[in-house]
Amino acid sequence: MVVPSLSITSDFRKAFDLDPALIYLNSGTFSISPRMVLKAQIEYQKDFERNPTASLMEAWGRVWRIQKLLAEYFNTVPENLFLRPNVTAAMNDFISQIPLPRGTEIATTDLEYGAIVNICRARAEKDKFTLRTISVPASANHTDELVSHIVEQLNDRTALLMISHIMTGTGLILPLKELAAELRKRDIILAVDGAHGPGALPLDFNQLLDLDFYGGNLHKWFLGPKGTAFGWVNPRHHEALDPLYTGWTTYEPAPPAFRNFAPGSHFARKMLHSACQNFGPYFALEDSLRYWTEMGAASIYSELKRLQTQLESKIFAKTGWKSISPSDPALRGPLLTYVPPGLHVAEAGPLMENLRSQHGLQVAIPGIKGVPCLRLSPHIYNTDEELERAVTILASVFE
Ligand SMILES: Cc1ncc(COP(=O)(O)O)c(C=O)c1O
């Protein structure tokens with residue numbers, strides 16, 4: 001395959017080491033971290049290895065420092081957070097452990113990510129609860145209608161709703177504040193799968209105090225080290241939530257090695273994974289946060305929007321396709337999704353592989369309500385020229 005040389009048009013791109021033979025349009029699965037974050041991770045790892053025993057003893061204070069920095073960035077307190085390697089783990093902590101009454105119904109939607117639905121299913125099977133799937137229009141376009149459409153499908157037995165902040169398929173943004181207020185009135189726990197939230201839009205937990213739980217990934221839109229995510233738990237659940245994981249800090253008093261982790265917060269300590277492990281990814285979150293501060297979150301969000309708009313208009317010009325992602329900017333996340341003509345479920349996997357291996361184009365082809373869709377997620381490291389080439393490839397493959 002002949003790969004044209006790239007013209008580096010974006011200042012953002014200079015901060016990344018990319019494979020010049022690949023157009024990476026799948027940041028919705030994993031984004032690529034800036035060079036400074038990768039380098040830091042490697043350095044932390046080397047440093048740790050110089051004396052792993054002493055490094056471990058120091059690690060807990062350092063992990064707490066990271067929790068504090070994250071809390072500051074997302075406008076909350078570090079005592080409300082816990083770190084995990086991915087959002088699947090964080091969602092497990094809350095959904096499988098939060099006390100729920102007998103005979104409860106857990107509700108989820110028909111646009112969720114399968115692994116997280118499975119956590120709800122496992123909880124329902126273990127405690128003989130009902131699991132119900134409510135419908136959400138893939139391309140909803142009105143905030144109020146969307147919230148009432150969801151709330152109307154809940155009932156007196158619904159004790160917990162698990163829903164995504166940004167839907168994995170079409171990028172539909174759920175109006176969390178409004179939804180949480182409605183659920184609080186009905187005493188229904190709202191557990192949010194924020195896999196696509198951090199880095200895709202501003203997140204301020206002080207504005208979301210009606211939420212019960214939010215699990216956020218940092219290795220998707222946030223460009224963070226692979227293996228970084230967090231859970232945010234409303235203080236009203238701190239006492240009742242028993243940790244899924246048991247370790248050195250589960251009970252009080254914690255051994256002296258942990259004195260620098262979360263002094264005074266039993267909740268933060270009981271949620272800590274306290275064992276011999278690799279902290280490199282967590283440590284490098286400090287560098288990710290520095291990257292966001294130096295580049296400016298607002299300029300990153302506006303570049304995400306610009307790239308998405310560019311991509312959408314190039315696709316329309318070349319193919320006439322219309323995206324099924326919401327058109328209302330308030331409800332549209334950074335993903336751009338299409339139902340390409342004539343694509344069958346069985347072809348989705350091979351097509352994705354063919355686009356990567358034969359055309360140097362990485363995309364995702366998820367099923368949305370059983371329909372295979374083309375999901376494109378550009379990030380700040382993509383250039384307009386790459387988008388142009390990607391569209392040419394897609395048009396030729398689907399012609
Ligand atoms: C909506 C949603 N939830 C959860 C996940 C799981 O993320 P992870 O594998 O990092 O836990 C994904 C991954 O793509 C997702 O799209």
Side-chain angles (χ1 to χ4, degrees), residues 24-33 70 81-96 106-123 133-134 136 138 140 150 160-174 176 179 190-201 203 211 213-232 244-245 273 281-282 284-285 288 304 324-326 331-337 348-349 352 362-369 372-379:
Y24 191 76
L25 291 186
N26 193 24
S27 300
T29 293
F30 255 161
S31 61
I32 295 169
S33 300
L70 273 179
L81 299 178
F82 61 86
L83 290 170
R84 289 293 178 270
N86 50 56
V87 81
T88 305
M91 299 301 291
N92 263 284
D93 275 281
F94 188 80
I95 294 170
S96 59
I106 297 178
T108 183
T109 86
D110 54 357
L111 286 179
E112 303 304 327
Y113 187 77
I116 312 302
V117 173
N118 280 349
I119 304 172
C120 298
R121 179 178 164 185
R123 173 74 199 263
T133 306
I134 64 172
V136 170
I150 292 167
L160 183 145
L161 171 67
M162 188 288 285
I163 199 162
S164 290
H165 188 182
I166 300 183
M167 294 297 182
T168 190
T170 60
L172 170 70
I173 298 175
L174 265 290
L176 284 192
L179 183 62
L190 178 56
V192 177
D193 170 0
H196 294 271
L201 39 69
L203 198 51
L211 279 192
F213 176 77
Y214 189 101
N217 252 341
L218 297 167
H219 55 205
K220 289 187 187 286
W221 298 95
F222 197 69
L223 308 164
K226 306 297 169 293
T228 54
F230 67 87
W232 173 91
L244 186 59
Y245 166 103
H273 277 190
Y282 293 158
L285 281 172
S288 295
L304 281 176
I324 59 163
S325 296
L331 297 179
R332 173 181 270 213
L335 301 156
L336 190 61
T337 305
M352 198 170 129
Q362 183 66 63
V363 299
I365 309 194
I368 303 180
K369 303 194 188 198
C373 294
L374 174 68
R375 192 190 75 174
L376 305 169
S377 37
H379 213 311

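Both counts, for ligands and for their atoms, begin at 1 and track the order of listing. Because the structure is a prediction, the values reported are computed rather than measured.
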Per-atom contacts of ligand 1 with [X], taking only distances under 4.0 Å to non-hydrogen atoms:
| X | result |
| --- | --- |
| Ala195 | 1 (C), 2 (C), 3 (N), 4 (C), 5 (C), 12 (C), 15 (C) |
| Ile116 | 3 (N), 4 (C) |
| Asn217 | 7 (O), 8 (P), 10 (O) |
| Asn86 | 8 (P), 10 (O), 11 (O) |
| Val87 | 4 (C), 5 (C), 6 (C), 7 (O), 11 (O) |

What is the closest protein heavy atom to [atom], and at what distance does it sit?
| atom | value |
| --- | --- |
| atom 11 (O) of ligand 1 | Thr88 OG1, 2.5 Å |
| atom 1 (C) of ligand 1 | Asp193 OD2, 3.4 Å |
| atom 6 (C) of ligand 1 | Tyr113 CE2, 3.4 Å |
| atom 14 (O) of ligand 1 | Lys220 NZ, 2.6 Å |

What do we get for [X] next to ligand 1 when only non-hydrogen atoms under 4.0 Å count, side chain, backbone, both or neither?
| X | answer |
| --- | --- |
| His196 | side chain |
| His219 | side chain |
| Thr29 | neither |

Worksheet item: When Arg84 is tested against each of Asp93, Asn217, Thr228 for side-chain hydrogen bond (donor to acceptor under 3.5 Å, both in side chains), which residue passes?
Response: Asp93

Donor-acceptor contact present, side-chain [X] to main-chain [Y], <3.5 Å:
| X | Y | answer |
| --- | --- | --- |
| Lys226 | Ser31 | yes |
| Arg375 | Ala364 | no |
| Thr133 | Thr109 | no |

Worksheet entry | Side-chain donor-acceptor contact under 3.5 Å, Trp221 with His379 | no

Discussion item. What I want to check is whether the side chains of Thr108 and Arg121 have a donor and an acceptor closer together than 3.5 Å.
Written reply: no

Worksheet item: Aromatic rings Phe30 and His219: how do their planes relate, parallel, tilted or perpendicular, breaks at 30° and 60°?
Response: perpendicular

Worksheet item: Taking distance alone, with no angle check, do Arg375 and ligand 1 share an N/O pair under 3.5 Å?
Response: no

Fill in: Euclidean distance, Thr337 OG1 relative to Ile365 CD1, rounded to 0.5 Å
11.5 Å

Worksheet item: Is there side-chain contact between Val192 and Leu179, with heavy atoms separated by less than 4.5 Å?
Response: no

